[in-house]
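Note that the coordinates shown come from a computational prediction; the quantities given were computed from them, not determined experimentally.
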Amino acid sequence: MTETVLLVGGGGREHAVARALADSDATLYACAGNRNPGIAAVAAGFETLDTTNPQAVVEYAEDVDADLAVVGPEAPLQAGVADALDEAGVYAFGPQADEARIETDKGFQRRFMQEHDVPGCPDFEEFRDMEAACDYVDEYDGDLAVKPAGLTGGKGVRVIGDQVTAEEAKTYIRESEYDRIVLEERLVGEEFTIQGFVANGQLRVTPAVQDHKRAYEGDDGPNTGGMGSYSDASLELPFMDEDDYRDAVDIMEAVVDALDGYKGVLYGQFMLTSEGPRVVEFNARFGDPEAMNTLPTLETDFLDVLTAARDGDHLPQLTFAEQATVCKYAVPDGYPTDPDAGAKVTIDPDSAGDAILFYASVDEREDGIYTTTSRSFAVVGVADTITEAEEIAEGALERAGTEGLRVRHDIGKPDLVQSRIDHMDTLR
Ligand code: AMP
Ligand code: GLY
């Protein structure tokens, strides 16, 4: 039976979801704040609306007679879009607002881990009183990560001893006017992501991915939503082994066991330390860019996962093509601190060649496709090795041109991948 699926969100991650459903027996409709041309091209309908307005999303879902919905970004989850869709009888693959707190409230997330004995939790304290937080910075024996408790699009964290000094961290705490701040032990190692599909108390995991949060090459500059990412032809990444992967999955299993009724994607962000994986954070959705690594190699029909989740069935076991992927984002000049919007985007699926093109925060107007202030588009190479996948992604960027845009060319290159392996070797 053909399912009518509503996709909520218009970024690169949602374009990857749309592409994954394009060959399924699904009729796709989408809604987002921006008109994403990649999603619009494969959807039967596309509505521009405020996706943090649950009523607007429900009205569109009812208009198109949706059977189920996939909610991509965190902001609609926090706003209760999944709650409203469920209530209206449209199964939302995405957690309700209360369960999305695993992502949207970092204080809740850490207390949840502590209360349920989920392994891998760093030392932490939450503060409402910013002077008390500054005292804690002075007294703590070691470096801390300063994290606003709420959502900041990946841009709110400051790590002492990495990005800032203790004095700069205190200035940040005093001046940034957050209501609540979490201070936690700085974790040292290599970061990786594992995304899992969760429903009916089950977890199905996908290959590990490494994102690159810092804006500039060589892991310099401010944090971003993620500049690009790679995965290997196996479940692990080159700097980790099978035990590391399994330990991280065990942590995610412990979360799923402790969460009652969670549905959607659970995203684990881990730091592989000298003592194994520890938890940087959980998200309640696919990663962006990580979804663009994971969904192109997923051989299982994503629609089968969604319908099994909805129907209370066993989730299918997942199979993946044994291929490596490299994803590179093109972002507006000045992103993330002072981005220039309004550049014309010239890349299209033809000029992308062998690479997969995912449009992100661009806007399709009558006379063409334009950048906004957020990440513009991504190209993904898929090949037997990370090196070959990287070359495919670079080839697409070269052919298409990136005027007015910036790319981290170092992502997925042999030197950077080797430096991750060397880093782990020195820590172990
Ligand atoms: P988040 O918004 O929690 O994803 O944090 C953004 C980035 O800050 C992470 O990807 C890490 O690079 C860094 N970070 C967050 N928490 C810690 C921690 N406890 N120790 C070291 N780095 C961290
Ligand atoms: N790539 C980081 C995130 O999606 O949160």
For residues [X] and [Y], is any side-chain donor paired with an opposing acceptor at under 3.5 Å?
X      : Y      : result
Ser351 : Asp348 : yes
Tyr230 : Gln210 : yes
Glu394 : His409 : yes
Asp301 : Ser24  : yes
Gln96  : Asp86  : yes

Is the shortest heavy-atom distance from the side chain of Ser231 to the side chain of Thr294 under 4.5 Å? no
Do the non-hydrogen side-chain atoms of Glu14 and Phe286 ever get within less than 4.5 Å of each other? no
Is any side-chain N of the basic residue among [X] and [Y] closer than 4.0 Å to the acidic one's carboxylate O?
X      : Y      : answer
Glu184 : Lys106 : no
Asp354 : Arg399 : no
Asp220 : Arg408 : no

If every non-hydrogen atom of [X] is compared with every non-hydrogen atom of [Y], which pair is closest and at what distance?
X      : Y      : value
Asn283 : Tyr262 : O-OH, 4.1 Å
Arg13  : Ala291 : CG-CB, 4.0 Å
Met252 : Ile194 : CE-O, 3.4 Å
Asn34  : Gly10  : ND2-O, 3.1 Å

Just wondering, are more than 12 heavy atoms of other shown residues or ligands nearer than 6.0 Å to [atom1] in [X]?
X      : atom1 : result
Glu242 : CD    : no
Asp311 : CG    : yes
His116 : NE2   : yes

Measure the acute angle between the ring planes of Tyr29 and Tyr60, then classify it against the limits of 30° and 60° as parallel, tilted or perpendicular. perpendicular
Kindly list each side-chain donor-acceptor pair under 3.5 angstrom involving residues 356-365, sequence neighbours excluded, with atom names and distances?
| residue | atom | partner | partner atom | Å |
| --- | --- | --- | --- | --- |
| Tyr359 | OH | Ile347 | O | 3.0 |
| Asp363 | OD1 | Arg35 | N | 3.1 |
| Glu364 | OE1 | Arg35 | NE | 3.3 |

Say whether, by atom type as modelled, one donor and one acceptor occur between the side chain of [X] and the main chain of [Y] under 3.5 angstrom.
X      : Y      : value
Lys328 : Gly412 : no
Glu103 : Ala100 : no
Lys263 : Ala92  : yes
Thr4   : Asp67  : no

Show, in sequence, the C-alpha distance, side-chain angles and deciding distance for Leu6 and Val8, and conclude whether the side-chain contact (heavy atoms from CB on, under 4.5 Å) test is met. CA-CA 6 Å; Leu6 174 65; Val8 180; 4.3 Å; yes
Checking salt bridge (charged side-chain N to carboxylate O under 4.0 Å, His left out) for the pair Glu3/Arg310: CA distance, chi angles, key distance, verdict? CA-CA 12 Å; Glu3 301 276 350; Arg310 177 194 60 195; 2.8 Å; yes
Identify all side-chain donor-acceptor contacts of residues 68-85 below 3.5 Å with residues at least two apart in sequence or on another chain.
| residue | atom | partner | partner atom | Å |
| --- | --- | --- | --- | --- |
| Glu74 | OE1 | Arg285 | NE | 2.9 |
| Asp83 | OD1 | Ala97 | N | 2.8 |

Residue list, side chain to side chain donor-acceptor pair (under 3.5 Å) with Asp50, at least two apart or on another chain: Thr52
Given salt bridge (charged side-chain N to carboxylate O under 4.0 Å, His left out), test Glu191 with Lys213 step by step and report yes or no. CA-CA 10 Å; Glu191 282 185 74; Lys213 300 243 182 198; 5.4 Å; no
Residue pair Arg158, Glu168: steps toward the salt bridge (charged side-chain N to carboxylate O under 4.0 Å, His left out) verdict: CA-CA 9 Å; Arg158 297 290 181 277; Glu168 287 164 344; over 6 Å; no
